[in-house]
Amino acid sequence: MRRLTIDASKIPAGVDPGAFEKIDIHFADYMKSLSNHADGVWLAAALLSRHIREGHICLDLRESAGKPMAQDESDTSSIICPVLEEWSQQLKDSPVVGSPGEYTPMILDDSYRLYLRRYWEYETNLSERLVDLSHRKMKIDPKLLTKGISKIFPGDTKEIDWQKVSAVAALASGLCVISGGPGTGKTTTVARILALLLEQDINLRIALCAPTGKAADRLQEAVREEATRLDITDEVRDAMPDAGYTIHRLLGVRYGSVYFRHNIKNPLPHDVVVVDEASMVDLSLMSKLVESLKDDSRLILLGDKDQLASVEAGYVLGDICDTGMKHAYSSSFRSFIQEITGYKIEGQGPPNFQDSIVELLKTYRFSPDSGIRELSIAVNEGDATRCINILKSGERQDIHTTEGPSREALRHALKEKVTETYRPYLQARHIDERFELLNSFRVLCALRRGPYGVEGINLLIEGILAEEGLIHPKGANYHGRPILITRNDYDLKLFNGDVGIILHDPEANDMRAFFPAAGGKIKKISPSRLPEHETVYAMTVHKSQGSEFDKVLLILPEEDSPVLTRELIYTGITRAKKDLDLWMKDDVLRKGLSRRTRRTSGLRDALWAGKEGVRS
């Protein structure tokens, strides 16, 4: 969005219009016009609009009250926001602000959080529904479950197997949240949970879904492969779900509408709904999903609570898991775990939301001496000194670091790397081999724009490959161009996150976009019919969520940026399975690790209020 300069008379004196976008100012002007032109209402409305654009659910007046509006702290001419009592009273006196449950454009709750009404409704509906699901005790046969777990989760060790615990949690109540880093076996675990559920009731209807088409396909494939390996009857194996959907497709998109076909009045027919990559799901979509569940349905969420928050508003999985805090299981749940598995779990808490949450800690992807694993743990803990020592020790074969190249040296630094990695892909003869090679390596960027952003890096890579004679980009759709779909197209069955390749098709004697299809097939589409897409030699860390690559080159910017957070760095690092190359400057890494993703909302309080925990 572009900055808008407007007549200063339209906004309160001292407010810098450059601090806001056009939509913020229009919304604030309208709210002010309905509120006897109260400046406090204008300021709160503009800040609320800006906060939502930045991914927050609401505006916490306590964080801005009595403080200057200026983005530059040295600017003493900026207006000072009203003190909390004065500001909140001004809002309460306004006809556009109401208390929770009232029908007004904005809602102010008892904790001085200001919401757009629809976001207050999303948050309230989601929290109430999740609590209801977590409290719902499901009818199961404990003896059958005990027998099933010992068969489906073979191996008997004194060490607690948290995959087994998650299976107990999933069958015990209507909600189960399984969090874990890459390689901890989340999808393997859920496949086994589904087998246990089908042993209890073979007629269960199960839906697999994820926020992107690629993530949905990966979940579907993981469940299908695991089902072939499990010690289960043919009847149970045949009943395992064999299709994955995007959440939008599962709910039923209504073209030109923000509403879905399935909702509280027309619920989904499924008895169990599994959502993979739940960290990518924003508040609005998660609220609409849980609202569409039948009263007796189970919801199973899979994800990594330490990953980046969703691109849209909210930090839903992080709030659900109360990231940064640890809570004990209730005595009743601990007793049930011991009855089914024999495990005696220490610590005791009251019956609470924690009984529905299990974190998987053991990784099956990385060896104990893996540098990627060790680095990701240090990043998660925010230990910059340890991170830098790991990177520069030279003791780990799977990680490499380079002092962040200057803007002038960036092209030269990229040349050897991308020529070496993309040459085999561009020279491959068969389409399957091309996809395998393309998806084995990716350049990841923290930013979208600027010399270190994905747009600039993609242009640099294209220039390098053209100089080497590996591509001939005479137009946008040249032979060998890798593309990333950025908008769903349900007619073409192409979804946000799908990766394709533009190639010359001898059969059509023209360029076509090639995409992997079900059953190992390939589908071809004319480039003119493609939905929104972009070149994908490099991609943002945000776009890489839900993907994994054998090798990753992660490029951090030359200078610090507010978007560079601990969660972004962790997500970028953990996209690599075998080899990580990190280009960064020490001070930029340190500043990034000191900054945590923070999204203002009331969801965490609604789920965890009054629940004591300890900081992890």
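Residue indices begin at 1 and follow the sequence shown.
- At distances below 3.5 Å, not a single donor-acceptor pair connects side-chain atoms of Arg53 with backbone N or O atoms of Leu48.
- Taking CG from Leu171 and CG from Leu197, the interatomic distance works out to 4.0 Å, rounded to the nearest 0.5 Å.
- Ion pair Asp306/Arg566 not flagged as a salt bridge, since none of the NZ, NE, NH1 or NH2 atoms sits closer than 4.0 Å to an Asp/Glu carboxylate oxygen.
- With a 6.0 Å radius and a threshold of 12 heavy atoms from other residues, nucleotides or ligands, Arg237 has its CZ atom above the threshold.
- Side-chain N or O atoms of Ser297 include one that pairs as donor or acceptor with a backbone N or O of His270 at under 3.5 Å.
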> Going through the distances and angles, do Phe336 and Phe333 end up as a ring-ring contact (aromatic ring centres under 6.0 Å, His included)?
Replying inline: CA-CA 5 Å; Phe336 189 58; Phe333 184 55; 7.2 Å; no

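- Atom NZ of Lys551 sits in a sparse spot, with 12 or fewer heavy atoms from other residues, nucleotides or ligands closer than 6.0 Å.
- In this structure, Ser292 contributes its side chain and Leu289 its backbone to a donor-acceptor pair below 3.5 Å.
- Using a 4.0 Å cut-off between charged nitrogen and carboxylate oxygen, Glu221 and Arg218 do not count as a salt-bridge pair.
- Looking at heavy atoms from C-beta onward, Leu438 lies in side-chain contact with Ile501 at the 4.5 angstrom threshold.
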>> salt bridge (charged side-chain N to carboxylate O under 4.0 Å, His left out) for Glu359 and Lys186? Distances and angles first, verdict last.
In response: CA-CA 10 Å; Glu359 182 175 7; Lys186 297 184 292 294; over 6 Å; no

>> Pair Leu302, Val275 - check side-chain contact (heavy atoms from CB on, under 4.5 Å), show working.
In response: CA-CA 6 Å; Leu302 312 175; Val275 184; over 6 Å; no

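- A side-chain contact (heavy atoms from CB on, under 4.5 Å) with Leu484 is found for one member of Lys543, Glu532, Lys214 and no other, namely Lys543.
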>> Under the criterion salt bridge (charged side-chain N to carboxylate O under 4.0 Å, His left out), I'd like the reasoning laid out for Asp296 against Arg136: C-alpha separation, chi angles, the key distance, then a yes or no.
In response: CA-CA 9 Å; Asp296 58 350; Arg136 186 184 305 152; over 6 Å; no

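- More than 12 heavy atoms of other residues, nucleotides or ligands lie within 6.0 Å of NZ in Lys294, so this atom counts as buried by the packing criterion.
- Relative orientation of the Trp162 and Tyr329 rings is tilted, given thresholds of 30° and 60° on the angle between their planes.
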>> What verdict does the side-chain contact (heavy atoms from CB on, under 4.5 Å) test give for Arg261 and Leu251, after you've listed the backbone C-alpha separation in whole Å, the side-chain angles of each residue and the deciding distance to 0.1 Å?
In response: CA-CA 6 Å; Arg261 288 196 299 273; Leu251 294 177; over 6 Å; no

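- Side-chain contact between Ile340 and Lys164 is absent, with no heavy atoms from C-beta onward closer than 4.5 Å.
- In this structure, the side chain of His533 engages the main chain of Pro531 through a donor-acceptor pair within 3.5 Å.
- Residues Glu199 and Leu144 approach most closely at O-CD2, 3.3 Å, considering heavy atoms.
- Within the 4.5 Å cutoff, the side chain of Leu114 has no heavy atoms near those of the Ile107 side chain.
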> Where do Asp550 and Asn439 land on the side-chain contact (heavy atoms from CB on, under 4.5 Å) test, with the steps shown first?
Replying inline: CA-CA 8 Å; Asp550 288 341; Asn439 293 324; over 6 Å; no

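- Residue Ala446 comes nearest to Leu564 through the heavy atom pair CB-CD1, 3.8 Å, listed as atom of the first residue, atom of the second, then distance.
- Residues Tyr570 and Gln307 bring no donor and acceptor atom of their side chains to less than 3.5 Å of each other.
- Phe260 does not carry Arg254 over the face of its six-membered ring by the limits of under 6.0 Å from the centre and within 45° of the normal.
- Checked by atom type and distance alone, the side chain of Thr574 pairs as donor or acceptor with a backbone atom of Thr571 at under 3.5 Å.
- Note that the OG atom of Ser127 and the CG atom of Leu603 stand 6.0 Å from one another [nearest 0.5 Å].
- With Ser166 contributing its side chain and Gln163 its backbone, the two residues share a donor-acceptor pair below 3.5 Å.
- Arg365 contributes atom CZ, which lies 8.5 Å from atom OG1 of Thr184 (distance to the nearest 0.5 angstrom).
- Listed here is the closest heavy atom pair of Thr540 and Leu444: O-CD2, 4.4 Å.
- Of the possible polar contacts, none joining the Asp489 side chain to the Phe495 backbone as a donor-acceptor pair under 3.5 Å is found.
- Heavy atoms of other residues, nucleotides or ligands lying less than 6.0 angstrom from NZ of Lys143 number 12 at most.
- Between Val499 and Phe515 there is no side-chain heavy-atom pair separated by less than 4.5 Å.
- What you find for Arg604 and Ser601 is that their closest heavy atoms are N-OG, 4.3 Å.
- Between the side chain of Asp322 and the backbone N or O of Met325 there is no donor-acceptor pair closer than 3.5 Å.
- Looking only at side-chain heavy atoms (C-beta outward), Ile57 and Tyr115 come within less than 4.5 Å of each other.
- Counting heavy atoms from C-beta outward, Thr600 and Leu59 have side chains that stay 4.5 Å or more apart.
- Here Asp238 contributes atom CG and Thr233 contributes atom OG1; the two are 8.5 Å apart, rounded to the nearest 0.5 Å.
- A distance-only check finds no donor-acceptor pair linking the side chain of Arg442 to the backbone of Arg575 [under 3.5 Å].
- Judged by distance alone, the side chain of Gln354 and the main-chain N or O of Ala328 form no donor-acceptor pair under 3.5 Å.
- Within 6.0 Å of the CZ atom in Phe435, the count of heavy atoms belonging to other residues, nucleotides or ligands exceeds 12.
- Residues Asp282 and Val316 share a closest heavy-atom pair of C-CG2, 3.8 Å.
- Rounded to the nearest 0.5 angstrom, Thr597 OG1 and Leu568 CG are separated by 7.5 Å.
- In this structure, Glu436 places its CD atom where only 12 or fewer heavy-atom neighbours from other residues, nucleotides or ligands lie under 6.0 Å away.
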>> Please determine whether side-chain contact (heavy atoms from CB on, under 4.5 Å) holds for the pair Ile300 and Ile193, giving the CA-CA distance in whole Å, both sets of side-chain angles, and the decisive distance to 0.1 Å.
In response: CA-CA 10 Å; Ile300 302 175; Ile193 289 172; 4.0 Å; yes

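- Crowding of Lys493 atom NZ: a count of heavy atoms from other residues, nucleotides or ligands under 6.0 Å not exceeding 12.
- You'll find the side chain of Asp432 reaches within 4.5 Å of the side chain of Ile522, heavy atoms only.
- Between Asn488 and Asn496, the side chains place no donor N or O within less than 3.5 Å of an acceptor N or O (distance only, hydrogens not considered).
- Taking every heavy atom of both residues into account, Pro100 and Trp120 meet most closely at CB-CZ2, 3.4 Å.
- Put simply, CD1 on Ile569 and CG on Leu375 are 9.5 Å apart, with the number rounded to the nearest 0.5 Å.
- Ion pair Glu54/Arg599 not flagged as a salt bridge, since none of the NZ, NE, NH1 or NH2 atoms sits closer than 4.0 Å to an Asp/Glu carboxylate oxygen.
- For the pair Leu250 and Ile247, the minimum side-chain heavy-atom distance is 4.5 Å or more.
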> Under the salt bridge (charged side-chain N to carboxylate O under 4.0 Å, His left out) criterion, do Arg129 and Glu291 qualify, and how do the steps go?
Replying inline: CA-CA 7 Å; Arg129 187 68 165 150; Glu291 190 178 57; over 6 Å; no

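- A side-chain N or O of Asp355 and one of Ser330 form a donor-acceptor pair less than 3.5 Å apart.
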